[in-house]
Amino acid sequence: MKIHSLHRWDVTPKEAISIQKDLARHINTSVGLKISPKLIAGADISLSQSRGPAYAGVVVLDANTLEVVAEYTQRGEIDFPYVPGLLSFREAPLLLKAFEQIDPPPDLIMLDGQGIAHPRGLGLASHLGLFLDCPTVGCAKSRLIGDHREPGTKKGSHAPLKGKNGETLGSALRTREGCKPIFVSAGHKIDLASALEWVLRVSPRYRIPEPTRLAHNLVNRVRKEDQGLRATSR
DNA sequence: GCGACAG
DNA sequence: ATCTTGTCGC
């Protein structure tokens, strides 16, 4: 799919923060932004503790059957450090190279991280939504900012994630009974209600939604295979 | 200054 | 996130 180049990626953390503030103004998650995706993609990255290449992967699913339609992977180096709030500057460059190969483009993308539930309103999902000009949703396994009450015990129960001024940033969603909730927030071109609806719809069995869960499995599998090959060739 | 802190 | 074995609970 087509990648928009809105800025360079080799920036300092200070420049990154400035870029986020600027880009956040272009995010659209207005109530009423509903979608009916036919293809839903999930993406993730896998890195090894020791130094070595990173692996990005995207899995495209049929929105109705949840069958895997396509898989894409991309190997590359990551230099930007992990800094809470600046995750996209670490993961987005490689993820975008993987998305570049995708054809046809998906109608919705789910990411492992936050959407607008971010200090400057531009988490990984929102940032990628702008570069890909595609609806995105953030499905984080833990909270970055905001407060929330414990959602109900039943699958599908959710509690609003609220910011300092009382704004609703996202939701803590119970995708499976007996498990901790995940944090869903709109990324771009979709509203929170619709984001919640689709995340729940692609989470038939596990805590992690199928798109990102399968993408996670894919990149870990590919990393181990590639590391094995590289080890035997040396 | 202190605590919090996606992956 | 990654590493890593067994173990506790629904």
Side-chain angles (χ1 to χ4, degrees), chain A residues 9 13 16-17 20 23-24 27 29 42-58 73-96 98 109-129 136-148 152-155 157 161-164 169-188 192 195 199 205-209 211-213 215-228 231:
Chain A
W9 290 103
I17 289 174
Q20 291 181 325
L23 290 187
I27 291 296
T29 60
D44 196 15
I45 274 186
S46 178
L47 309 96
S48 43
Q49 60 165 11
S50 49
R51 302 225 61 79
Y55 299 78
V58 180
T73 57
Q74 176 69 50
R75 182 177 69 204
E77 302 297 329
I78 287 184
D79 36 330
F80 203 91
Y82 170 68
V83 179
L86 300 181
L87 181 64
S88 57
F89 285 84
R90 177 174 169 78
E91 302 198 340
L94 196 56
L95 284 173
L96 288 173
I109 301 170
M110 305 198 346
L111 283 305
D112 208 329
Q114 312 292 345
I116 62 170
H118 175 279
R120 291 164 293 281
L122 197 86
L124 175 65
S126 297
H127 204 156
L128 285 178
T136 55
V137 172
C139 304
K141 296 182 292 301
S142 60
R143 184 198 71 94
L144 176 58
I145 60 164
D147 298 298
H148 66 91
T153 174
K154 293 290 188 182
K155 174 176 181 177
S157 296
L161 179 65
K162 301 210 166 197
K164 287 292 185 180
L169 305 171
S171 295
L173 171 67
R174 187 88 62 190
T175 47
R176 175 174 178 164
E177 277 188 45
C179 288
K180 296 187 305 180
I182 63 171
F183 295 81
V184 176
S185 57
H188 184 44
L192 177 59
V199 167
R205 182 167 179 190
Y206 304 103
R207 175 187 178 232
I208 305 302
T212 49
R213 191 180 73 82
H216 187 78
N217 290 345
L218 171 65
V219 292
N220 280 323
R221 190 165 65 238
V222 169
R223 175 167 68 85
K224 290 181 180 179
E225 289 173 355
D226 197 58
Q227 288 183 333

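So you know, we letter chains A, B, ... as the sequences are listed, proteins then strands, and number each from 1. Basis for what follows: all heavy atoms, side chains included, without hydrogens, waters or symmetry-related copies.
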* What orientation do A/H148 and A/F183 show, parallel under 30°, tilted 30 to 60°, or perpendicular over 60°? -> perpendicular

* Side chain proximity check, A/S126 to A/I116, heavy atoms < 4.5 angstrom -> yes

* Of the nucleotides C/dT2, B/dG7, B/dC5, which has the atom closest to the A/P84 side chain? -> B/dC5

* Structure fact -> Dot-bracket for DNA chain B, 5' to 3', Watson-Crick and G-U pairs with both distances under 3.5 Å, [ ] for crossing pairs, | for partner on another strand, reads .......

* Asked: Paired stems touching DNA chain C, three or more consecutive Watson-Crick or G-U pairs with both distances under 3.5 Å?
  -> none

* Asked: Which whole-number value in Å describes the distance from A/I17 CD1 to B/dA6 P?
  -> 15 Å

* To do: Mind calculating the distance between CG (A/L144) and P (B/dA6) to the nearest angstrom?
  => 6 Å

* To do: Check the side chains of A/D44 and A/T212 for a donor-acceptor pair under 3.5 angstrom, ignoring hydrogens and angles.
  => no

* Asked: Does A/K141 make a side-chain N or O approach to OP1 or OP2 of B/dA6 shorter than 4.0 Å?
  -> no

* Structure fact -> To the nearest angstrom, the CG-C1' distance between A/N217 and C/dA1 comes to 15 Å

* Asked: Any side-chain N or O of A/N220 under 4.0 Å from OP1/OP2 of C/dA1?
  -> no

* Asked: How long is the line joining NE2 of A/H118 and C1' of B/dC5, in whole Å?
  -> 11 Å

* Asked: Taking only side-chain nitrogens and oxygens of A/S142, does any of them come within less than 4.0 Å of OP1 or OP2 of B/dG7?
  -> yes

* To do: For the pair A/W9 and A/H127, name the ring-plane relationship: parallel under 30°, tilted 30 to 60°, perpendicular over 60°.
  => tilted

* Backbone N or O of A/G85 within a donor-acceptor pair of the A/Q20 side chain at under 3.5 Å? -> yes

* Across the strands shown, which category fits A/R223 at heavy-atom distances under 4.0 angstrom: base, sugar-phosphate, nothing? -> sugar-phosphate

* Asked: Hey, which of A/R221, A/H216, A/K224, A/R223 is the one that makes side chain to side chain donor-acceptor pair (under 3.5 Å) with A/S46?
  -> A/R223

* Hey, are the side chains of A/I109 and A/L128 touching, using non-hydrogen atoms and a 4.5 Å cut-off? -> no

* Between A/I208 (CD1) and C/dA1 (C1'), how many Å, whole number? -> 13 Å

* Counting any heavy atom closer than 4.0 Å, what does A/L47 reach on the DNA or RNA strands: base, sugar-phosphate only, or nothing? -> sugar-phosphate

* Taking only N and O in the side chain of A/R143, is any of them less than 4.0 Å away from OP1 or OP2 of B/dC5? -> yes

* Would a distance-only check, ignoring hydrogens and angles, find a side-chain to backbone donor-acceptor pair under 3.5 Å from A/R174 to A/C179? -> yes

* If we require ring centres under 5.5 Å and near-parallel planes under 30°, does A/F183 stack on B/dA6? -> no

* To do: In whole angstrom, give the distance that lies between atom CG of A/L124 and atom P of C/dA1.
  => 13 Å

* With a 4.0 Å cut-off on heavy atoms, is A/G138 in touch with a base, just the backbone sugar-phosphate, or nothing at all? -> nothing

* Which part of the nucleic acid, if any, lies within contact of A/H127, taking any heavy atom under 4.0 Å across all strands shown: a base, the sugar-phosphate backbone alone, or nothing? -> nothing

* Look at the side-chain N and O atoms of A/R120 and state whether any lies under 4.0 Å from the OP1 or OP2 oxygen of B/dA6. => no

* Asked: Do the side chains of A/I208 and A/T175 get nearer than 4.5 Å, heavy atoms only?
  -> no

* Asked: Given atom CG of A/D44 and atom P of B/dG7, what is their separation to the nearest angstrom?
  -> 9 Å

* Within the structure shown, what part of the strands sits under 4.0 Å from A/G178 by heavy-atom distance: base, sugar-phosphate, or nothing? -> nothing

* To do: Measure from CZ on A/F89 to P on B/dG7 and round the result to the nearest Å.
  => 18 Å

* Do any side-chain nitrogens or oxygens of A/S46 fall under 4.0 Å of OP1 or OP2 in C/dA1? -> no

* State whether the side chain of A/T136 and the backbone N or O of A/H188 hold a donor-acceptor pair below 3.5 Å, judged by distance alone. => yes

* Hey, does A/I78 reach any base, or is it just sugar-phosphate, or nothing, if we go heavy atoms under 4.0 Å? -> nothing

* Is the side chain of A/R207 donor-acceptor paired with the backbone N or O of A/I182 at a distance under 3.5 Å, no angle test? -> no

* To do: Would you mind telling me which of B/dA6, C/dT2, B/dG7 lies closest to the side-chain atoms of A/E91?
  => B/dG7

